[in-house]
Number of protein chains: 2
Amino acid sequence: MKSDDAIQSLSALAQPSRLDIFRLLVKAGPDGLAAGTIARRLAIAPNTLSAQLAILAQAGLLDSRREGRSIIYSADFSAMARLLVFLTDDCCGGRPEVCAPLFDLARSCCKPAVKEPIAKEKVR
Amino acid sequence: MKSDDAIQSLSALAQPSRLDIFRLLVKAGPDGLAAGTIARRLAIAPNTLSAQLAILAQAGLLDSRREGRSIIYSADFSAMARLLVFLTDDCCGGRPEVCAPLFDLARSCCKPAVKEPIAKEKVR
DNA sequence: TTCATAGTTCAATATTTCATGAAATATTGA
DNA sequence: TCAATATTTCATGAAATATTGAACTATGAA
């Protein structure tokens with residue numbers, strides 16, 4: 001990832017409505033949500049939402065697809081991961097303990113992504 | 001972490017000079033770098049740099065301490081981790097494979113900082 | 001003291017970003 | 001086709017942000 005791309009992603013997320021939108025879509029998972037649903041849930045005017053979605057999509061953080069009259073938006077998880085990698089690039093500098101919080105992050109994210117559905121219940 | 005705090009951190013990082021500064025300090029590790037050193041390395045005017053450092057510090061992303069005439073800035077790794085957690089909150093939504101990239105992130109960061117190798121690799 | 005070095009603060013200007021209303025486009029069903 | 005729904009585009013004024021020169025504070029050395 002280039003610095004310009006990271007700036008674009010960070011700028012896209014650095015706005016209250018857009019951060020809410022993105023986090024809502026992160027929670028929604030790959031299925032995503034229709035623009036109208038997002039507008040209703042977050043109480044954002046349709047035209048304002050459209051502009052926000054365009055900014056997030058342009059930054060590569062969202063995918064979109066049309067389904068009937070609706071346009072479904074979903075978070076691009078791999079783009080997200082690339083951004084996080086960029087931010088933490090060479091974070092250790094020879095001191096593995098420095099980035100220990102990052103491992104805690106990965107572990108707290110969800111149950112270890114092994115093939116078997118280890119835990120039935122939801123994380124948190 | 002509250003949304004406002006995340007916005008502040010993201011806004012702080014969403015600017016070319018500040019992103020460069022932060023990443024330089026991430027690489028520098030806990031020892032940090034003097035403001036003047038950062039200014040020289042990144043070719044930023046001292047007063048401009050000062051403003052940028054203040055914004056990053058206000059966002060909680062940097063620590064600072066005086067050493068003689070110099071003021072040493074260093075990245076706050078735990079603040080960083082909190083931001084990443086916030087962004088990926090509930091990212092799984094019942095689909096562990098969705099956040100697999102985050103595990104790749106943690107592993108690529110540096111050598112696993114775990115007491116014992118949990119599960120098996122092969123997360124893909 | 002006096003001076004030089006290291007950073008910061010302030011004020012002004014230039015630029016970017018934001019939310020909104022009005023109008024336009026796309027899809028579906030009657 | 002027409003009407004309704006879903007979303008986007010455009011133009012605009014207001015607000016936030018960035019950069020710069022000049023002045024200011026703090027530390028250490030002569």
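Naming: A, B, ... by sequence-line order, numbering from 1 per chain.
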To the side chain of A:R18, which of D:dA18, C:dA19, C:dC18 is closest? C:dC18
When all nucleic acid strands are considered with a 4.0 Å heavy-atom cut-off, which category describes A:A34: base, sugar-phosphate, or nothing?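 Sugar-phosphate contact only - A:A34 comes under 4.0 Å of backbone atoms but never of a base.
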Judged by each residue's nearest nucleotide on DNA chain C, which is more toward the 5′ side, A:Q15 or B:S50?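 It is B:S50, whose closest nucleotide lies nearer the 5' terminus.
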Using the closest heavy atom to pick a nucleotide of DNA chain C for each, name whichever of B:L53 or A:P16 lands nearer the 5' end. B:L53
Within this structure, what is the [atom1]-to-[atom2] distance between [X] and [N], rounded to whole angstrom?
X	N	atom1	atom2	answer
B:L33	C:dG7	CG	P	11 Å
A:L19	C:dT17	CG	C1'	17 Å
A:L10	C:dT17	CG	P	14 Å
B:L49	C:dT9	CG	C1'	14 Å

Kindly compute the distance separating [atom1] ([X]) from [atom2] ([Y]), expressed to the nearest 0.5 Å.
X	Y	atom1	atom2	value
A:L42	A:R18	CG	CZ	13.5 Å
A:L61	A:S9	CG	OG	4.0 Å
B:Y73	B:I38	OH	CD1	8.0 Å

So which atom in B:T88 and which in A:M80 form the shortest heavy-atom distance, rounded to 0.1 Å? CG2-CE, 3.7 Å
A:T48 side chain to A:I44 backbone, donor-acceptor under 3.5 Å: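 Here the side-chain-to-backbone pair does not exist.
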Judged by atom type as modelled, is there a donor-acceptor pair below 3.5 Å linking the side chain of A:R66 to the main-chain atoms of A:I71? no
My understanding is that a pair needs two contacts under 3.5 Å, Watson-Crick or G-U wobble. By that rule, which nucleotide pairs with [N]?
N	value
C:dA30	D:dT1
C:dA24	D:dT7
C:dT1	D:dA30

Face-on cation placement of A:R23 at B:F86 ring, 6.0 Å and 45° thresholds: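 Relative to the ring axis of B:F86, which defines the angle, A:R23 lies inside both limits.
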Quick one: list whatever passes side chain to side chain donor-acceptor pair (under 3.5 Å) with B:D76, sequence neighbours left out.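 Residues passing side chain to side chain donor-acceptor pair (under 3.5 Å) with B:D76: B:S78.
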Distance test, side-chain N/O of A:Q52 to OP1/OP2 of C:dC18, below 4.0 Å: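 Result: no.
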Which residues in residues 57-74 of chain A have at least one heavy atom lying under 4.0 Å from any atom of DNA chain C? A:R66, A:G68, A:R69
Of the residues in residues 36-47 of chain B, which ones touch DNA chain D at a heavy-atom distance under 4.0 Å?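 Output list: B:N47.
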Find out if a path of hydrophobic residues (ILVMFWY) with successive side-chain heavy-atom gaps under 4.5 Å connects A:F22 to A:I55.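 Each belongs to a different hydrophobic cluster.
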